[in-house]
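Both counts, for ligands and for their atoms, begin at 1 and track the order of listing. If you're wondering where the values come from, they're calculated on a predicted model, not measured in any experiment. The figures here come from the full heavy-atom set of this structure, side chains too, leaving out hydrogens, waters and symmetry mates.
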Amino acid sequence: MWPRIWPYPRVLAHRGGGTLAPENTYAGLRCGMQAGFRAIEFDVMLARDGVPVVMHDPGLGRTVKGSGSVFEHDAGDLAAMDAGAWFAPAFAGEPVPLFTEFARLCKEQGVWMNIEIKPAPGFEAETGAAVAALAAQLFAAELAAADMARVPLLSSFSDVALASARLAAPQLPRACLISALGPDWALRARALDAVAIHTNHQHLGPEMARAVKDGGFGLFCYTVNDPGRARTLLDWGVDAFCTDRIDLIGPDFA
Ligand code: G3P
Ligand code: MG
């Protein structure tokens, strides 16, 4: 449907601002941008009312004060919760972003997005469909113009979420998140018509990197925090990676 290449930036700020700001927040996005990044990865899941929010954990407690699950709260309630104080007092009051507002801001600022669909268990299909439909709506003009380098890339560990995303918005590119690539990685990727494989660099070797590239897929690694390791991965043919250490690995790292 679209060329299996990597037309996107090489280095992405993980969860917005890596380890320099609270993850998956507007402050994180600003921090990444201040470091020169115009490409980020972030995580999205559904609130109780079916509205997607930018969050990594399905439970409150680590990054957001409170207890229970994200899907026990409506998005408006989550947006009023504090997602910054855990990181540092200076970030107190930082809201949980609503996905559509966050994505719109990224787009306005020219920040390319790898949107990780992070469904709560049991909500895989709903999450994939909701995120894909909203992203396709936001990028309708770019999709119509086949301006694919600007269009976000959806990724997920959940094949169900990706299949559902394909059904909701077939024109949006998808990537399979697979921690360690087993014998079935290409079958899974082809079944989902994925353009790229996103994998944990700690389990990747040069032969597997070559196999992914020879298979015609983009190859992305998470989460690479050592410049020497980043250089090795690029030498193996890895197309891109995300990093938490945006202070050590800049957007123009080559
Ligand atoms: O999308 C890459 C990476 O973010 C996947 O793992 O747990 O950091 O969301 P996680
Ligand atoms: Mg992620």
Side-chain angles (χ1 to χ4, degrees), residues 6 8-26 28-29 31-32 37 39-46 52-64 69-70 83 86-87 96-97 99 102-103 106 111-121 123-124 127-128 131-132 135 151-162 165 172-182 185 188-189 192 194-204 209 212 217-226 229-230 233 238-246 249 251:
W6 189 266
Y8 314 120
R10 180 182 294 131
V11 191
L12 279 60
H14 188 224
R15 305 183 191 173
T19 48
L20 300 192
E23 64 188 56
N24 291 321
T25 64
Y26 292 106
L29 171 61
C31 181
F37 282 81
I40 65 169
E41 182 268 3
F42 59 89
D43 309 289
V44 181
M45 67 182 60
L46 295 187
V53 295
V54 181
M55 276 281 291
H56 180 277
D57 296 4
L60 304 181
R62 183 177 67 88
T63 63
V64 176
S69 306
V70 168
W86 70 277
F87 186 85
V96 174
F99 165 63
F102 192 79
C106 287
V111 174
W112 180 74
M113 292 171 264
N114 169 204
I115 302 169
E116 185 187 340
I117 304 168
K118 200 78 149 175
F123 295 89
E124 289 84 359
T127 310
V131 173
V151 170
L153 176 61
L154 306 178
S155 60
S156 187
F157 288 106
S158 164
D159 288 4
V160 173
L162 289 174
L172 272 186
R174 293 166 300 281
C176 287
L177 260 164
I178 303 172
S179 173
L181 299 176
W185 68 268
R188 286 171 63 185
L192 291 159
V195 299
I197 301 296
H198 290 201
T199 194
N200 185 335
H201 75 93
Q202 291 173 333
H203 307 306
L204 186 71
V212 173
F217 295 94
L219 177 56
F220 174 94
C221 283
Y222 65 90
T223 299
V224 186
N225 296 327
D226 174 71
R229 180 65 174 170
L233 293 168
V238 168
D239 293 299
F241 60 86
C242 62
T243 183
D244 281 328
R245 293 304 305 270
I246 64 172
I249 303 177

Looking at [X] and [Y], what are the two nearest heavy atoms and their distance?
| X | Y | result |
| --- | --- | --- |
| A209 | L204 | N-CD1, 3.9 Å |
| W86 | T63 | CD1-O, 2.9 Å |
| V224 | T243 | O-OG1, 2.7 Å |

Side-chain donor-acceptor pair present, S155, N114, cut-off under 3.5 Å
yes
Taking the side chain as every heavy atom from C-beta outward, state whether [X] and [Y] have any atom pair closer than 4.5 Å.
| X | Y | value |
| --- | --- | --- |
| F220 | L12 | yes |
| H198 | E116 | no |
| L20 | I246 | yes |
| F102 | I40 | yes |
| F241 | I249 | yes |

Does ligand 1 have any N/O atom under 3.5 Å from a protein N/O, and what are those pairs and their distances?
residue	atom	partner	partner atom	Å
ligand 1	1 (O)	E41	OE2	2.8
ligand 1	1 (O)	E116	OE1	3.0
ligand 1	4 (O)	H14	NE2	2.7
ligand 1	4 (O)	E41	OE2	2.7
ligand 1	4 (O)	E116	OE1	3.2
ligand 1	7 (O)	H56	NE2	2.7
ligand 1	7 (O)	K118	NZ	3.2
ligand 1	8 (O)	H14	NE2	3.1
ligand 1	8 (O)	R15	NH2	2.8
ligand 1	9 (O)	D43	OD1	3.2
ligand 1	9 (O)	H56	NE2	3.3
ligand 1	9 (O)	E116	OE1	2.9
ligand 1	9 (O)	K118	NZ	2.8

Closer than 2.8 Å to the Mg ion (ligand 2), which protein N, O or S atoms?
E41 OE2, D43 OD1, E116 OE1
